[in-house]
Amino acid sequence: MKSSLLPGSAAGLPYQRLTINPSLSNNRSTVALSIPDQSPMERFSKHHLNVTQLCEQSWCEIKVVYGFLKPHMKRREMRRTAVMTGASIHLARELEANPDAVNVVVHTREDREALKLINLIQMVPALEAGMLVREFPVLGVLDGVFFLGVVDELYCSKSGELVLSELKTRSHNSLPHPAQAKGHSLQVGVYKLLFDSMVQGSMKRDQLLHYLKLRPHQAFGSELQSYAQKLGLLAVTFGELVDHLLVVLHFCNLQPIDKLCLEYRHQSSGVLIGNREVEFKETQLRAELRDYLAFWRGEREPHGVDIEDIEEAWKCRMCPYEESCEWRRSRLQEVMVEGSKKAK
Ligand code: SF4
């Protein structure tokens, strides 16, 4: 396995940055959209969720299920989305902050997760010093489910507010409609919940090891060990690194995030389309989160797109599962039957 190290100190930055390649896709394939007595978490062997998974869910839950049932189509769509969502703009920004990249060989899942934690440990003091940090990992338990996420940007505004900013690129040179922006607002809101609980000391060692299914006594690979030593980290096992992270978070003086922003850029030109500030309504957000998690826990059936709602129906036309979607087919039949009844 190869992951990359972006040594910020080489670029005059006070922290070294590590990035990892996305992997660990779930290739299970079954037929039914839901299975009695088996929650989607169990069925798809999910021990934790990524925040972006929640955002996909806000788009269409049936689509999320198909993503697991038809992984080859999901992969094809992810490749297409990576182009459409301007992965190059994100990468350019990251390289702007950390121009030198060095590959690090990782041998275990513990090595891979350790890279994220090492980044995090270095970014905390940088953020405390008022620097802008990018790709800040956030993690923790919300409503009984462990989440992982990566915040695009955190920085202090001129007025001293801690600002979280998420970059979104668009193929159209216009701001998104509410149905498209819903997932974006959810994403930054959940990032804030995670970040705030981290800096308020809510993260627990046992939770992290338990939900991520990681071995605390697993020693790092030799290359990662030598990088950790260069950075002055004494940890040589994953558990020791977690302990170090918890101390860093406990003694840091970071405050909860004050402001949530979405920055929209035109995908092909990179030109700024506009910025939106997202209002943080914690009670409402937590209620929405509970409802989303009810799906993952198998407490309710998945919801598809409301094909009779003009604000929603267009989603299906962009969906790779449109032709085979059982939800859509049965809803179309219901609508036709209702229509013919009314006509009589
Ligand atoms: Fe969801 Fe529509 Fe795609 Fe079916 S076709 S998965 S309802 S977006």
Side-chain angles (χ1 to χ4, degrees), residues 22 25-36 38-46 49-87 145 166 168-172 174-187 189-190 262 264 267 288-340:
S25 63
N26 194 330
N27 288 335
R28 288 161 188 81
S29 180
T30 50
V31 281
L33 283 176
S34 61
I35 293 181
Q38 198 179 28
S39 72
M41 289 295 270
E42 293 163 341
R43 183 183 180 191
F44 303 125
S45 303
K46 300 292 296 174
L49 295 178
N50 289 317
V51 178
T52 48
Q53 246 158 349
L54 212 56
C55 304
E56 286 172 21
Q57 185 185 355
S58 75
W59 185 262
C60 174
E61 289 175 350
I62 301 291
K63 191 174 175 210
V64 170
V65 174
Y66 277 130
F68 287 106
L69 300 181
K70 304 181 182 207
H72 57 290
M73 291 177 74
K74 167 95 177 166
R75 277 195 293 276
R76 203 181 309 148
E77 200 209 6
M78 282 172 72
R79 280 197 292 272
R80 188 180 63 89
T81 312
V83 175
M84 282 181 58
T85 54
V145 174
E166 197 65 18
K168 297 289 172 195
T169 52
R170 295 189 38 79
S171 53
H172 297 291
S174 59
L175 288 171
H177 292 295
Q180 290 172 297
K182 186 178 162 195
H184 304 163
S185 302
L186 174 69
Q187 184 178 2
V190 174
L262 291 166
Y264 291 99
Q267 173 204 313
E288 283 174 27
L289 193 59
R290 264 195 302 280
D291 183 53
Y292 286 125
L293 295 180
F295 154 74
W296 288 102
R297 293 188 177 111
E299 294 163 1
R300 63 167 174 79
E301 291 288 310
H303 297 157
V305 163
D306 180 356
I307 59 164
E308 288 186 280
D309 183 348
I310 198 159
E311 296 286 323
E312 294 271 313
W314 57 270
K315 289 180 182 175
C316 296
R317 290 197 295 276
M318 300 170 64
C319 177
Y321 313 107
E322 183 187 11
E323 287 185 11
S324 55
C325 178
E326 289 163 35
W327 164 280
R328 187 167 182 275
R329 195 179 305 136
S330 76
R331 284 294 297 127
L332 280 171
Q333 280 168 357
E334 283 169 18
V335 170
M336 278 165 63
V337 170
E338 283 164 22
S340 62

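Order of appearance sets the numbers: ligands from 1, and atoms from 1 within every ligand. All of these numbers come straight from a predicted model, not from anything done at the bench. Quick note: numbers below take in every heavy atom, side chains included, and nothing from hydrogens, waters or symmetry partners. Position 1 is the first residue of the sequence; numbering continues from there.
Side-chain atoms of Gln53 come within 3.5 Å of backbone N or O of Asn50 as a donor-acceptor pair.
For the atom pair OG of Ser330 and CD of Glu334, the computed distance is 5.0 Å after rounding to the nearest 0.5 Å.
Within the protein, the number of N, O or S atoms lying under 2.8 Å from atom 4 (Fe) of ligand 1 is 1.
Residue-environment remark: NE2 (His72) exceeds the threshold of 12 foreign heavy atoms within 6.0 Å.
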Using distance only, find each side-chain donor-acceptor pair of residues 57-65 under 3.5 Å and give its atom names and separation, not counting sequence neighbours.
from, atom 1, to, atom 2, distance (Å)
Gln57, OE1, Trp296, NE1, 2.8
Gln57, NE2, Glu61, OE2, 3.0
Gln57, NE2, Tyr292, O, 2.8
Ser58, OG, Cys55, O, 2.7
Glu61, OE1, Arg300, NH1, 2.8
Glu61, OE1, His303, N, 2.7
Glu61, OE2, Arg300, NH1, 3.4
Glu61, OE2, Arg300, NH2, 2.7
Lys63, NZ, Glu77, OE2, 2.9

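Between the side chains of Lys168 and Gln187, at least one donor N or O lies within less than 3.5 Å of an accepting N or O.
Closest heavy-atom contact between Met41 and Leu49: SD-CD2, 3.9 Å.
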